[in-house]
Amino acid sequence: MGAVSEGPQLLSQGTGYGLVIGLSILFCLIIIGAVRIQKRYLSEDSNQSEMFMVANRSVGTGLTASAVFSSWMWINESVFSAAYTYKWGIALPVWWASGLSFQIALMAVLGIVAKLRVPYAHTSLEFMRMRYGTYVHWLFILLNLVNNIFGCGSMILAGAQLLTGMTGMHVVAACTLLPAGVVLYTVVGGLKATFLTDFLHTAIALILLLYFAFAVLANEHIGGVSGLYEKVKARDVYIEGNYMGSLLTMKSKSTALFGLVLKFGNLALVLMDTAFWQKSFASEVRSTVPAYDLVSIVIIAVPWCTGTIIGLAARAVENTPVWFNYPTTLTLDQVNSGLVMPYVLKSLLGTNATSGLLVLIFMAITSTVSSSMIAVSSIISLDGYRTYIHPHASNQQTLKVSHWGVVFHGCFMAGFAIMLEYAGATNNFSTYFRPIIACPGIIPMMLTILWSRQTKLAAILAPVLGLLAGLATWFACAWHWSGAINITTLQDQVPGLYGAVVSFFSPALFSVVISLLYPARFDWREFLRIELIEDKSAPPSGNVTTEAVDVVGKLVGDDRTANEKETAHFAASPSTSEPASVLAGSPKSNYRKSDLDDVVHPFGAASVAHIRRWLRYSTIYFIVNFLTTVVLWLLPLYRDWIFTKRFFAGWVITAAIWELGAFGAVVVYPVFDGRHAIAKAVRGMRGEWRR
Ligand SMILES: NC(N)=O
């Protein structure tokens, strides 16, 4: 921390404390108001646990998209992409973008599979337990918590170090105050409330990012796209590992290694975070895929536009008198702590814009932390309390534990971030270490809903062996390349990459081999026995539809035997076919433990066909997304070539248009999408005032 707080302060401590505390209180008041409006005029009550945890599975496309975007737009890509662009040049933002997109597209596929196979689940861990029982459940609780705690903790720390670097605020105070505000409004509002605050966060953050990008480009000291190109080209800097040491080439070794590690780390941050599963369970059936896929497209804009413009602008002006603290440039520690963007804004746009950046940092951190809190509190309340301590807990009891879960997690995360600070952890160490410990569970978890032959032994051993193999690879590579194993050599890029590759892929091998050694088959109908929590806010039991539908078998190819098919009678009620109600809302049956042959899937034939269509679209889209963002975009440009002025102009303008498109998709569109609910709430309030 010392190095970061050494430089001159960009803003006063009072501004730092005032903004963090003021915004926390403001968001709490907004959320209290929103919850009251929802309850009074829209019949949505966060005091019901289904509502608190999965928002009654009724959130539409627009709001889901803005919530997913908000949880996924970390300060990493909004602030650190500029810092790393400063370090390594123009290749970095797109390698960063390509490490953010396909994970969300994959989550869309898994989300829709989960909607079919486990329509009543609240968390991803619930289906691990359903399929494999207690030991696997605990193992994956641990893996999820490790991922969540390291992801969330390092983000709080990165934000706190930034606040400290910018304002001189004490880092312990920053680590405490940032999660404190989130605890307040998350306890009050639950998941639906975080959907609403996520929307506000996203709107404010994107407005600020757009303003920063356009104002910096238009600034007289930059001189537009062409001025930016010329000033960066004229700089006499040599970037090790870049083609001709240039900042304006896509051939950058450090960037490529960083980008590859990021892909694995971010896969874990999505798939091993119950929050992303929860948002998918919370959304309407017809909203899941469009919302997640939309986010996978627009999230690209954040590092691409912001990183490119702000990161290169720093290079353009850092050696001129307009630079704050001229003639002193940033130290490597300050760059690694993300101070590039604050310095650019202070130098070119002044104090107000720099204060605006504090608001952006607050928005980016709190929206991610709030979804992490809901996720962990649902692990505590559903996977812990309701599963092992009080299986017949009522709605209200479960909710109370969820609330305490949020408070506990908030306090724990603050303490954990402070511990990381005093242990000397940096964002860099976390980047290379986290994928190794967070990735081993990903493939076994995916196989739990995709492959009926993965056995319990495989689900237990594959992640553990994968973790050991990943750690062994990491240490061995650090030793091999640097001749020593210590905190410095372990932060080298190549050991981190090999460790992550082994951690991620080896569990697939372990799982398949172990499963085939002692084969067994799972009957997907077991999943349909997860109960809905008793919830008086939910409409009465919905109708099961006309045709007997073997939803599960048709899902991803039917791999059950003929005999199993015969016994799989997903019986149906005789008359009412209401696919529309299923598509629009939640599965509303309230199952108890029953014979498998009595298990009935809540979705009707039409709904199933509809969902299968989404599954097809999402799978095709995922493949296209992966090929485009990871292969076609990056590899052809990885060659001995430096951006021409014309190409640079097209590149930057496209990035800026993309960011405008992101604003349209996750800010304007959700308002349009929710116009009926907004109108209903406004009519309700107007009616009340008139009385
Ligand atoms: N969105 C992330 N994980 O940077």
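Quick caveat, the model's predicted, so the values are computed rather than measured. All ligand and atom numbering here is 1-based and tracks the order in the structure.
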- Go through ligand 1 atom by atom and flag the ones less than 4.0 Å from a non-hydrogen atom of Asn76. 4 (O)
- Leu100 neighbourhood, listing ligand 1 atoms whose heavy-atom distance to it stays under 4.0 Å: 1 (N), 2 (C), 4 (O)
- Message: Within ligand 1, which atoms have a heavy atom of Leu269 less than 4.0 Å away?
- Response: 3 (N)
- Item | Flag for Ser98-Thr629: side-chain donor and acceptor within less than 3.5 Å | no
- Answer yes or no: is there a side-chain heavy-atom contact under 4.5 Å between Phe199 and Val666? no
- Would you say the side chains of Thr274 and Asn144 form a donor-acceptor pair under 3.5 Å? no
- Query: What are the atoms of ligand 1, with element, lying closer than 4.0 Å to any heavy atom of Glu77?
  - Reply: 1 (N), 2 (C), 4 (O)
- Item | Residues Phe276, Leu271; criterion side chain to side chain contact (heavy atoms under 4.5 Å, CB included); working and verdict | CA-CA 7 Å; Phe276 284 97; Leu271 300 182; over 6 Å; no
